[in-house]
Each structure stands twice: as structure tokens, then as C-alpha cells.
Amino acid sequence: MDYIDNFKPAQKIEPRDDDWGIYKTLLESTNAIPWKLNWETKQFDYIGPQIEALLGWPQESWLGAMDWINRIHEEERAAIAAFCIRQSEEGIDHEADYRALKADGSFVWIRDVVHVIRDAKGKTTDLVGFMFDISERKRMEEELLSLNEKLQEISRRDGLTGIGNRFLFDQHLKSEWARAQRSQSPLSLIIFDIDFFKQYNDSYGHLQGDECLQRLTRAITGIPVRSTDLFARYGGEEFVMLLPDTPNEAAALIAERCRQAILELGIPHRGSVCAPSVTISLGVSTLVPTSEMAPEALLEHADKLLYQAKDSGRNCVCAAACPTGPAGH
């Protein structure tokens with residue numbers, strides 16, 4: 001790395017007498033670790049004794065900038081050193097957060113706040129700054145980030161079944177629609193719901209209805225699909241399955257597997273007029289998106305096919321390519 005050539009060891013320079021009063025005041029007025037670096041020699045004129053308590057390295061071991069660079073975590077070392085050198089050479093005050101190596105081999109998060117001192121001609125002569133231990137702040141930030149990620153995950157999941165919800169489906173549809181439009185590949189959608197589910201709840205109660213939805217979800221989840229396929233609860237007893245890069249014929253086969261999986265559960269349904277057990281009706285639509293089309297076209301066509309399946313006696317699959325675009329075969 002070229003920047004390291006600028007920091008070859010030089011003779012140790014003792015602090016100048018006229019600076020010492022400033023350093024003494026800083027030491028007595030802050031819990032942070034003050035330091036001063038001679039920019040010409042790249043040697044520390046001074047570093048506070050608190051450095052040993054924080055990192056374990058003796059105060060006298062901090063001779064020059066290379067001691068600082070070598071004690072930055074290797075994953076951040078090059079970027080942090082290059083940033084600080086560039087800012088210092090340009091006379092710009094700056095801050096940097098990084099993991100600093102402790103004498104025992106562990107790491108602690110440090111924030112370095114740097115002030116650049118320049119001469120009358122604007123040339124950098126010295127750097128003065130403070131090191132702060134921000135490990136607790138970083139820990140809290142990481143916990144907050146983890147909590148936010150969990151909350152985002154919860155916001156995308158259906159509370160009853162644990163699969164994706166409508167919000168996740170809407171996001172997924174937008175992204176897959178854009179990708180299919182770029183690649184001109186077929187995008188298929190399966191929409192299905194439980195036949196006579198209101199009558200099921202009326203006959204067995206809502207708790208039993210919830211269990212039925214959960215058993216249905218587990219059965220569908222057990223059908224092998226690709227990691228890019230999304231199965232989500234759209235609302236109530238209605239479910240959707242988005243299948244990128246899937247022509248209509250293949251999507252119809254997946255829909256039929258779903259229908260068979262629910263039929264094989266054999267969940268009694270005395271309120272159904274099409275079968276003695278719980279069944280589902282499915283609509284399957286496919287298209288290749290174009291710039292003149294919107295994702296709603298796929299949803300609307302799949303929904304029409306779902307109602308065709310219901311009009312055809314329920315417990316069946318109705319599949320077709322969306323008439324507003326190519327089928328993608």
C-alpha cells in the first residue's frame with residue numbers, strides 16, 4: 001500500500017515546551033485520550049496515558065503513525081488510513097470509527113476526532129485529536145439494528161401462519177415484475193382460497209378455522225419450490241404464490257400439486273357442497289411484463305381465473321396466459 005511509504009520510522013521527537021501546557025490541560029479536563037502527531041515526521045509528540053488502560057499498549061509504544069495503523073483491524077485498516085491521510089493532507093478536520101487492536105488480541109471500537117493544524121501557507125504541520133471508546137454505543141447500535149431487522153421481518157410475516165403477508169407479496173411482485181420486464185421472462189401467479197371457508201368457520205368455529213389455515217399452510221410449504229418462489233397469505237382464506245421464470249404450463253402443474261396436497265389432508269368439512277373435506281380453488285395466470293403494463297394486470301387476470309374455477313364447481317385449477325401479454329412459453 002503506497003500510503004505506508006509516507007510513514008517510515010523517524011527519530012522520536014520530544015514534545016515542544018510551548019505545547020505541553022495545552023496537553024496538560026486536555027489531560028486534566030477530559031476522559032478522552034488526547035494525542036498530537038507531527039505531520040512532517042509522522043511521529044507522536046504526545047499521547048495520553050489513558051491509552052494503556054483502554055488498549056493495553058504502553059504509552060511509550062506509540063511512537064508514530066505506523067503504530068496507529070498497525071493496530072487498526074485489518075478489515076478497516078486500508079480504508080481508514082487512506083481516508084485519514086487524505087483528509088489530513090487536504091487540511092480537513094475529520095472523524096473515523098474503527099476497531100482498535102488491544103494488547104490481549106481483542107478489539108475495541110474507537111472514534112478518532114482529528115483537528116488539522118496548518119501554517120500560514122495552508123500546509124499541514126500537525127494533527128491533534130481525541131480517541132473515544134465507543135464500544136458501548138456500537139453495541140447498542142448493533143442491538144437496535146438487530147431489533148429493527150426483526151421488526152421488519154415481523155412486518156413481512158403473517159401472524160397466524162408464519163408465511164409472507166400481503167405487504168411482502170406486494171414488494172416481491174414489484175421487484176420480480178421489474179426483473180422479468182428487463183429479462184423478458186415469464187412471470188406466473190397462482191391465487192387460491194379455501195372453498196366455502198365461511199361455512200367451515202360457521203360449522204367448526206374460528207379457532208378450528210385458524211388451525212385449518214395453519215395445516216393448509218404447512219402442506220403447501222412442504223411442496224418443493226425454488227428459493228425465488230414466494231408463497232404468501234394475501235388475506236383471510238386467500239393465498240398467492242409468485243413464480244418467476246415460470247411458464248403457464250409449469251405453474252399449472254404446481255397449482256395442481258397444491259390442490260392435491262390439501263385434498264390429501266382430508267380435513268372434514270360438512271359445510272362444503274363440493275367435497276366432504278376441505279378443498280381449494282386456484283387461478284393461474286402468466287405473462288411477460290412490458291413497459292405498457294402494470295403488475296395489477298397479472299393479479300386481476302389470476303383473480304378472474306380463480307372465479308372461473310369456482311364457477312366450474314370448485315376444487316379445481318383454471319390456468320391461462322394473460323391476454324394482455326405473451327404467455328412466455
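- No side-chain heavy atom of Pro186 sits less than 4.5 Å from a side-chain heavy atom of Leu287.
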Could you walk me through whether Glu142 and Arg139 satisfy the salt bridge (charged side-chain N to carboxylate O under 4.0 Å, His left out) test, starting with their C-alpha distance in whole Å, then the side-chain angles of each, then the deciding distance to 0.1 Å, before giving a yes or no? CA-CA 5 Å; Glu142 289 173 359; Arg139 184 189 65 79; over 6 Å; no

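- Heavy-atom minimum distance, Met241 versus Val225: SD-CG1, 4.5 Å.
- In Leu144, the CG atom is crowded: over 12 heavy atoms of neighbouring residues, nucleotides or ligands sit closer than 6.0 Å.
- Within a 6.0 Å radius of CD in Glu74, no more than 12 heavy atoms belonging to other residues, nucleotides or ligands are found.
- In this model, a donor atom of one side chain and an acceptor atom of the other lie less than 3.5 Å apart for Asp112 and Trp35.
- Under the 3.5 Å distance criterion, with hydrogens and angles disregarded, no donor-acceptor pair is assigned to the side chains of Gln199 and Arg270.
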For the pair Val108 and Leu55, evaluate side chain to side chain contact (heavy atoms under 4.5 Å, CB included) and give the outcome as yes or no after the intermediate values. CA-CA 8 Å; Val108 61; Leu55 298 180; 3.0 Å; yes

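- If you check the side chains of Ser188 and Thr286, you find a donor sitting under 3.5 Å from an acceptor.
- Taking the six-membered ring where the residue is Trp, Phe197 and Tyr200 present parallel rings, their angle staying beneath 30° rather than reaching 60°.
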Side-chain atoms of residues 306-321: list all donor-acceptor pairs with protein atoms under 3.5 Å, sequence neighbours left out, distances to 0.1 Å.
residue : atom : partner : partner atom : Å
Lys310  : NZ   : Asp193  : OD2          : 2.7
Ser312  : OG   : Gln308  : O            : 2.8
Asn315  : OD1  : Arg259  : NH1          : 3.0

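- In this structure, the ring of His94 has its center less than 6.0 angstrom from the ring center of Phe83.
- Contact check for Ile223 versus Phe231: no side-chain heavy atoms found under the 4.5 Å cut-off.
- Contact of the Lys123 side chain with the Trp39 side chain is not registered, since no non-hydrogen atoms from C-beta on lie closer than 4.5 Å.
- Using a 4.5 Å cut-off on side-chain heavy atoms (C-beta onward), Leu173 and Leu187 make contact.
- No hydrogens or angles considered: nothing links the side chains of Asp195 and Ser272 as a donor-acceptor pair under 3.5 Å.
- Atoms CG and CD1, on Leu282 and Ile190 in that order, are 7.0 Å from each other to the nearest 0.5 Å.
- With 3.5 Å as the limit, one finds no donor-acceptor pair spanning the side chains of Asp119 and Thr125.
- Taking CG of Leu242 as the reference point, atom OG of Ser175 lies at 8.0 Å (rounded to 0.5 Å).
- The closest side-chain donor-acceptor pair between Arg179 and Ser185, if any, does not fall under 3.5 angstrom.
- When the side-chain contact (heavy atoms from CB on, under 4.5 Å) test is applied to Leu101, the partners found at least two apart in sequence or on another chain are Trp57, Arg71, Phe107.
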Do Lys174 and Asp170 pass the salt bridge (charged side-chain N to carboxylate O under 4.0 Å, His left out) test, and can you show the C-alpha distance, the side-chain angles, and the key distance before you say yes or no? CA-CA 6 Å; Lys174 288 179 182 178; Asp170 289 341; over 6 Å; no

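- A 4.5 Å side-chain heavy-atom check between Asn165 and Arg233 finds every atom pair outside the cut-off.
- Taking the centre of each ring, Tyr234 and Phe239 stay at or above the 6.0 Å mark.
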